[in-house]
Protein chains: 2
Amino acid sequence: MPAPNPPTPGLTPEPSTPDGLPLAEAASPEAGLPPTPAFSPLYQQIKTLILRSLQAGEWKPGDMIPSEFELAARFRVSQGTVRKAIDELATDNLLVRRQGKGTFVATHAEQHVQFRFLRLLPDAGTRDSQGPAERRIIECRRLRAPAEVARQLSLRTGDAVIQVRRVLAFEGTPAILEDLWLPGTPFKGLTQETLAGDMGPMYALFETAFGVRMVRAQEKLKAVAADADAASLLGIQPGHPLLSVERLAFTYNDVPMELRRGLYRTETRHYFNELS
Amino acid sequence: MPAPNPPTPGLTPEPSTPDGLPLAEAASPEAGLPPTPAFSPLYQQIKTLILRSLQAGEWKPGDMIPSEFELAARFRVSQGTVRKAIDELATDNLLVRRQGKGTFVATHAEQHVQFRFLRLLPDAGTRDSQGPAERRIIECRRLRAPAEVARQLSLRTGDAVIQVRRVLAFEGTPAILEDLWLPGTPFKGLTQETLAGDMGPMYALFETAFGVRMVRAQEKLKAVAADADAASLLGIQPGHPLLSVERLAFTYNDVPMELRRGLYRTETRHYFNELS
DNA sequence: TAGTGGTCTAGACCACAAT
DNA sequence: TTGTGGTCTAGACCACTAC
């Protein structure tokens with residue numbers, strides 16, 4: 001017989017969650033001072049717990065997570081509730097459902113979603129109608145974070161960061177010049193050789209080599225004129241219009257993990273965006 | 001007593017749907033030739049029916065639609081199934097749910113979602129920290145569609161279209177030069193006076209004056225150099241880098257209804273985008 | 001055949017808004 | 001108090017995948 005409702009569900013003992021249980025209410029069950037709107041639906045709390053396991057690395061990118069029924073038993077809720085939690089995580093591209101197989105931790109290594117964050121497309125044809133991007137690492141060095149870089153990466157000025165500069169070309173024509181800044185600690189050991197010896201998306205390498213999964217990003221676009229440096233690397237005249245794309249990418253929990261500044265040539269390509 | 005499953009639900013007589021009923025299967029129940037994957041879940045079919053009512057104008061932007069239970073009765077399905085259909089329509093920004101009140105047809109007239117499609121933000125501060133955009137209509141004329149415009153709007157070359165050119169300024173400084181092309185038939189009667197006399201978002205005007213609701217759009221961005229014309233209207237030097245934003249906007253059912261080409265000044269503003 | 005996600009139902013109760 | 005959407009449950013059956 002179903003208990004009325006919220007049966008104050010329990011949770012099987014977890015490493016980092018001694019007892020921690022989804023609480024329907026937050027604080028102040030009586031003290032009516034702050035009109036605490038602190039109420040969170042069960043499925044949201046389940047979502048948080050799953051997210052915590054993802055962060056903790058309990059399931060790695062590409063792994064299959066436990067079935068909906070297993071998770072339901074573990075969290076002591078119904079399958080439908082787990083389902084709704086997973087639904088939202090799948091919508092956020094953190095998990096991928098595959099009917100008949102299971103639910104998997106999303107990864108940048110899949111063929112299907114490669115370059116999910118690269119929005120530069122050829123004006124004619126599809127992304128695949130041109131060959132793969134040719135990559136050339138210009139430099140890769142450790143340095144102390146300038147103030148602005150530190151601010152955006154939530155570091156302190158002077159903390160160690162790694163800077164990478166590279167050029168991407170399509171069919172021999174340079175198209176993108178990128179500068180990346182990565183926090184030194186999580187990316188300790190990253191060298192030019194690591195990058196050069198790798199095929200596939202850089203974010204896939206970050207997952208396998210450093211356990212850092214990029215989950216979302218925000219970009220700020222401007223039109224700028226090429227300076228001498230950029231012009232020379234991209235094979236254009238100084239003053240030529242370029243699309244400047246400044247990206248801040250985040251891992252789980254909205255932790256910033258990469259600052260990237262790209263300069264795109266857009267004579268035969270464009271940045272594509274869907275609005276809804 | 002619940003019938004096993006799909007109880008082949010019925011539908012109350014509808015104007016444009018004499019009997020048409022959600023069919024679980026499509027064609028060829030026996031002819032095993034094409035491995036027709038034509039199967040559509042009930043909630044998808046309900047979604048289509050609701051969409052049809054939206055297109056037909058049964059409920060207009062801002063209207064409240066019938067409650068979930070009413071729709072469930074009308075379509076002869078359970079409330080949960082209607083719920084899932086509405087969920088998806090709400091995710092697509094076609095409907096807006098308001099707890100305790102009802103579900104409403106989304107509109108561009110709401111304060112909250114104004115300029116939903118305008119992604120140009122000030123580098124410092126928020127969108128609201130600057131005054132509202134000042135609008136100046138440069139011209140508004142009827143003409144025969146050039147080939148490229150016709151193609152994108154799914155018209156025939158030479159069909160009547162309306163072209164609008166305007167400049168948007170912030171605090172006295174011109175920031176955006178836009179050219180719009182609209183199909184002549186749905187927008188019959190649109191004049192410079194109509195546009196000039198109107199406050200509020202242009203897409204809100206389109207809803208109230210022409211019954212055209214823009215649902216989604218796609219944009220292609222490039223960096224370009226200002227020509228003499230644009231330079232003069234935007235108060236910059238020719239050759240100055242500008243962000244070119246070419247937008248194709250759609251109503252219900254993916255029907256293209258507007259082609260727009262904007263040139264954005266990005267010295268103190270940027271185009272913002274979220275990736276996930 | 002077994003296991004997974006996907007769909008659908010029916011019913012209970014909660015949260016929010018208007019009356 | 002009533003009506004709306006929001007949450008949660010329990011159980012049935014379907015569709016896809018693998019063995």
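Throughout, a chain's letter reflects where its sequence line sits, starting with A, and its residues are numbered from 1. Model, not experiment: these values are computed from the prediction.
Rounded to whole angstrom, the span from the CD atom of Q45(B) across to the C1' atom of dC8(C) amounts to 12 Å. In this entry the distance linking CD of E68(B) with P of dA12(C) reads 18 Å, nearest Å. Between the P atom of dG6(C) and the CZ atom of F69(A) lies a distance of 13 Å, rounded to the nearest Å. Per the geometry, CD belonging to E70(A) stands 9 Å off P belonging to dG5(C), to the nearest Å. As a whole-Å value, the separation of L42(B) CG from dA10(C) P is 12 Å.
By the ring-ring contact (aromatic ring centres under 6.0 Å, His included) test, F117(A) pairs with H108(A), Y203(A), sequence neighbours left out. For Y43(A), the ring-ring contact (aromatic ring centres under 6.0 Å, His included) criterion is met by no residue, not counting sequence neighbours. Residues satisfying the ring-ring contact (aromatic ring centres under 6.0 Å, His included) criterion with F210(B), sequence neighbours excluded, are F187(B). Qualifying ring-ring contact (aromatic ring centres under 6.0 Å, His included) partners for Y252(B), counting only residues two or more places apart in sequence or in other chains: none.
In the displayed structure, F69(B) atom CZ is contacted under 6.0 Å by at most 12 heavy atoms of other residues, nucleotides or ligands.
Within residues 78-102 of chain B, the residues that have a heavy atom under 4.0 Å from DNA chain C are, in order of number, S78(B), T81(B), K84(B), Q99(B), G100(B), K101(B).
Residue contacts for Y43(B): at a heavy-atom cut-off of 4.0 Å it reaches the sugar-phosphate backbone alone, with no base atom in range.
For M64(B), the listed nucleotide lying nearest its side chain is dT4(D); candidates were dT9(D), dT4(C), dT4(D).
A salt bridge (Lys or Arg N to Asp or Glu O under 4.0 Å) check over residues 107-122 of chain A, counting only residues at least two apart or in different chains, returns nothing.
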